[in-house]
Amino acid sequence: KFHNTSTLEQIHNISGKTPTNSFNYLSSFEIYTLGSTDYLVALDSGTNEIIIFTKSSTSENPEDFTFLQAINTFSSDGIELNSIYDIKYYDNDLYISDSLNNRVIRINANTFNLYQSINIQRPKGIDVFEQNSTKYLAITSYTQKISLYQENAGTFQSLSNITSLGNYYPQNPYLDIGDDYTNNQNNYPANFIEYISSYGEMYFPLTINSSPTAKTTNNITNKTTQIT
């Protein structure tokens with residue numbers, strides 16, 4: 001649903017690939033611009049399809065989004081998507097958690113070709129961020145941990161797992177990592193992990209020091225109370 005940012009009035013609704021072919025279970029979506037084209041990429045976890053809509057970036061009318069294609073399988077590996085959950089756009093790539101295939105896939109955001117499969121058990125929420133000109137991928141999973149990957153020579157490689165979350169770990173979390181977060185009038189300089197789930201929101205500062213390859217240097221400190 002598209003709303004006017006001033007009045008919050010609903011101005012357009014995309015309910016599926018066509019007006020008569022609605023989403024089965026919409027789990028997440030991303031909107032981004034490449035060149036002269038706006039893309040809206042939605043995940044239908046009911047049909048296990050990546051559903052792509054496009055419009056000219058010169059148009060400000062969301063009604064101009066038209067269905068482009070739906071993807072269920074990539075020809076390069078032949079694996080059908082299974083329980084796709086979260087999607088993030090970053091630097092001309094899309095990252096999608098393909099949960100029951102135990103992987104996060106990285107695809108080109110323009111050609112939609114599969115670029116990399118990252119093996120991880122039952123991934124859920126994902127986010128990509130950059131620190132000191134290095135890209136990092138953070139993934140939550142059913143195994144109650146955050147897995148961190150670092151890009152090296154164009155592909156992501158396992159870096160570290162954060163497991164000391166205890167009762168702070170919510171079920172089926174989405175994930176967002178921001179440059180800073182202000183809580184109780186305190187400004188924190190670190191990247192902050194934000195969990196978003198049916199239980200509310202929680203924030204944790206994330207520290208990656210100057211020697212991340214040691215694998216023990218990634219940690220979460222100063223857990224805050226749950227924010228509802």
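All values below were derived from every heavy atom in this structure, side-chain atoms included, with hydrogens, water molecules and symmetry-related copies excluded. Numbers here are sequence positions counted from 1.
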Find the distance between [atom1] ([X]) and [atom2] ([Y]) and round it off to the nearest 0.5 Å.
| X | Y | atom1 | atom2 | value |
| --- | --- | --- | --- | --- |
| Ile87 | Ile105 | CD1 | CD1 | 8.5 Å |
| Asp77 | Ser75 | CG | OG | 8.5 Å |
| Asp98 | Asn119 | CG | CG | 11.0 Å |
| Ser45 | Phe23 | OG | CZ | 11.5 Å |
| Ile71 | Leu114 | CD1 | CG | 10.0 Å |
| Leu81 | Ile96 | CG | CD1 | 7.5 Å |

Gln69 atom CD, over 12 foreign heavy atoms within 6.0 Å: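 It does: Gln69 CD has more than 12 such atoms within range.
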
Can you confirm whether Tyr89 sits close enough to Leu34 that some side-chain heavy atom of one is under 4.5 Å from a side-chain heavy atom of the other?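 With C-beta onward as the side chain, the pair touches.
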
With a 4.5 Å cut-off on side-chain heavy atoms, are Leu137 and Ile118 touching?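 Sidechains of Leu137 and Ile118: in contact.
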
Considering all heavy atoms of both residues, which atom of [X] and which atom of [Y] are nearest to each other, and what is their separation?
| X | Y | answer |
| --- | --- | --- |
| Ser57 | Gly35 | OG-O, 3.8 Å |
| Phe67 | Ala70 | CZ-N, 3.6 Å |
| Leu43 | Tyr85 | CD1-C, 3.8 Å |
| Phe112 | Val41 | CE2-CG2, 4.2 Å |

Mind checking what makes side chain to side chain contact (heavy atoms under 4.5 Å, CB included) contact with Thr134, not counting sequence neighbours?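 Partners of Thr134 by the side chain to side chain contact (heavy atoms under 4.5 Å, CB included) criterion, ordered by chain and then number, come out as Tyr136, Gln150.
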
Hey, is the main chain of Arg103 close enough, under 3.5 Å, to the side chain of Asn101 for a donor-acceptor pair?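 Pair absent, no side-chain N/O of Asn101 close to backbone of Arg103.
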
Side chain of Thr140, backbone of Gly125: donor and acceptor closer than 3.5 Å?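 Looks like yes, one N/O pair under 3.5 Å.
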
For [X] and [Y], does a side-chain donor sit closer than 3.5 Å to a side-chain acceptor?
| X | Y | value |
| --- | --- | --- |
| Tyr90 | Glu130 | yes |
| Arg106 | Tyr95 | yes |
| Asp86 | Ser28 | yes |
| Ser97 | Ser99 | no |

For Asp44, give me all partners under salt bridge (charged side-chain N to carboxylate O under 4.0 Å, His left out), at least two apart in sequence or on another chain.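 Salt bridge (charged side-chain N to carboxylate O under 4.0 Å, His left out) check on Asp44 returns nothing, list empty.
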
Could you go through Phe129 and Lys135, starting from their C-alpha distance and side-chain angles, then the distance that decides it, and tell me whether this counts as side chain to side chain contact (heavy atoms under 4.5 Å, CB included)? CA-CA 6 Å; Phe129 64 101; Lys135 291 179 188 175; over 6 Å; no

Derivation and outcome, side chain to side chain contact (heavy atoms under 4.5 Å, CB included), residues Ile120 and Val104: CA-CA 7 Å; Ile120 178 172; Val104 168; 4.2 Å; yes

Which residue, Asn113, Leu94, Asp93, forms the side-chain contact (heavy atoms from CB on, under 4.5 Å) with Ile107?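 Only one option passes, and that is Leu94.
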
Tyr149/Leu159 under side chain to side chain contact (heavy atoms under 4.5 Å, CB included): CA gap, chis, key distance, verdict: CA-CA 5 Å; Tyr149 293 77; Leu159 176 64; 5.7 Å; no

Scan the side chains in residues 48-55 for donor-acceptor partners under 3.5 Å anywhere in the protein, sequence neighbours excluded, and list what turns up.
unit_1, atom_1, unit_2, atom_2, d
Asn48, OD1, Ser83, N, 2.5
Glu49, OE1, Lys17, NZ, 3.2
Glu49, OE1, Thr47, OG1, 3.0
Glu49, OE2, Lys17, NZ, 3.4
Lys55, NZ, Asp38, OD2, 2.7
Lys55, NZ, Ser59, O, 2.4

If the plane angle is over 60° it's perpendicular, under 30° parallel, otherwise tilted; pick one for Tyr32 and Tyr39.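 Rings of Tyr32 and Tyr39: parallel, under 30°.
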
